[in-house]
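Protein chains get the first letters and strands the later ones, always in sequence-line order, with residue 1 at the start of each. What's counted below: heavy atoms across the whole structure, side chains too, no hydrogens, waters or symmetry copies. For clarity, every value in this text was computed on a predicted model and none was experimentally measured.
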Amino acid sequence: DQQVKQNSPSLSVQEGRISILNCDYTNSMFDYFLWYKKYPAEGPTFLISISSIKDKNEDGRFTVFLNKSAKHLSLHIVPSQPGDSAVYFCAASGETSGSRLTFGEGTQLTVNP
Amino acid sequence: KAGVTQTPRYLIKTRGQQVTLSCSPISGHRSVSWYQQTPGQGLQFLFEYFSETQRNKGNFPGRFSGRQFSNSRSEMNVSTLELGDSALYLCASSLKAGFDTGELFFGEGSRLTVL
């Protein structure tokens, strides 16, 4: 049972345009959501997070939106840069999860110059 | 400060063998978690250790085990290797168990190939 799903395995955008990566979850106990970025041969690095008490969190070019009723979150990158090309993982945790994160399958973002 | 260090980075084993992977967390971090990454499966949680105690365990068979030492370094062991165990094994550390900022710091992983 995949509790966190990223339905798009890949996304390609032009430099300077907006990248929108989507994530859906099924477990209503999740209350904290994170996005990680992963380059080849490196471990994932934390990008941005959002608590379920918020519906938006912004950090520079990165904004995460949370729609609790739809159990959906999205990551917006504006403007997209070639260096943003990486695999992006959505992850979720609940109050009793500890450091246990439930990850989606990842979306490969390619930003073309 | 030094990041999370995992050794070895790459290794090849044959079916039926066993393997031990090592992880040194960021200095001062007391929580270590292990994840398995396979193509198309994302990252699957294996277990979490804090202060030498396993706090959480994922849905993996008993062939997968781990431990944490008093200096917070951690090892995971996989016995009786199967072809399906071929994966990237990622270790992550955090300052304490549970979340405040929610940030886990990942190592570069140990790439295991089982032939």
Item to check | Heavy-atom pair with the smallest gap, counting every atom of A:Lys38 and B:Gln37 | outcome: CE-OE1, 3.4 Å

Checklist outcome for this item: Scanning both residues in full, the closest heavy-atom pair of A:Tyr36 with B:Leu104 reads OH-N, 3.0 Å

Item to check | Side-chain cluster (under 4.5 Å, hydrophobic types only) that A:Ile18 belongs to, other residues | outcome: A:Ile20, A:Val78

Checklist entry - Is there a path of hydrophobic side-chain contacts, each under 4.5 Å between heavy atoms of I, L, V, M, F, W or Y residues, that connects B:Tyr35 with B:Val19? => result no

Checklist entry - Shared ILVMFWY cluster between A:Val13 and A:Tyr88, side chains joined below 4.5 angstrom? => result yes

Item to check | Hydrophobic cluster membership, B:Trp34 vs A:Phe103, 4.5 Å side-chain cutoff | outcome: no

Checklist outcome for this item: Those residues at least two apart in sequence (or on a different chain) that pass side chain to side chain contact (heavy atoms under 4.5 Å, CB included) with B:Gln18 are B:Thr20, B:Asn77, B:Ser79

Next on the checklist: Check this for me: B:Arg9, atom CZ, are more than 12 non-hydrogen atoms of other residues, nucleotides or ligands nearer than 6.0 Å?
Outcome noted: yes

Checklist entry - Residue by residue, which of residues 105-115 of chain B have a heavy atom closer than 4.5 Å to a heavy atom belonging to chain A? => result B:Phe106, B:Gly107, B:Glu108

Item to check | chain A contact via B:Leu88 - which portion, at a heavy-atom distance below 4.5 Å | outcome: side chain

Checklist entry - So which bits of residues 53-66 of chain A come within less than 4.5 Å of chain B, counting non-hydrogen atoms only? => result none

Item to check | Inter-residue atom distance B:Leu46.CG - A:Arg100.CZ, 0.5 Å rounding | outcome: 10.0 Å

Item to check | Shared hydrophobic cluster, B:Val78 / B:Phe47 (ILVMFWY, side-chain heavy atoms < 4.5 Å) | outcome: yes

Item to check | Hydrophobic cluster membership, A:Tyr25 vs A:Trp35, 4.5 Å side-chain cutoff | outcome: yes

Next on the checklist: Using a 6.0 Å cut-off, check whether atom CG of A:Asn7 has over 12 heavy atoms from anything other than its own residue.
Outcome noted: yes

Next on the checklist: Heavy-atom cut-off 4.5 Å, strictly under: side chain, backbone, both or neither for B:Leu90 against chain A?
Outcome noted: side chain

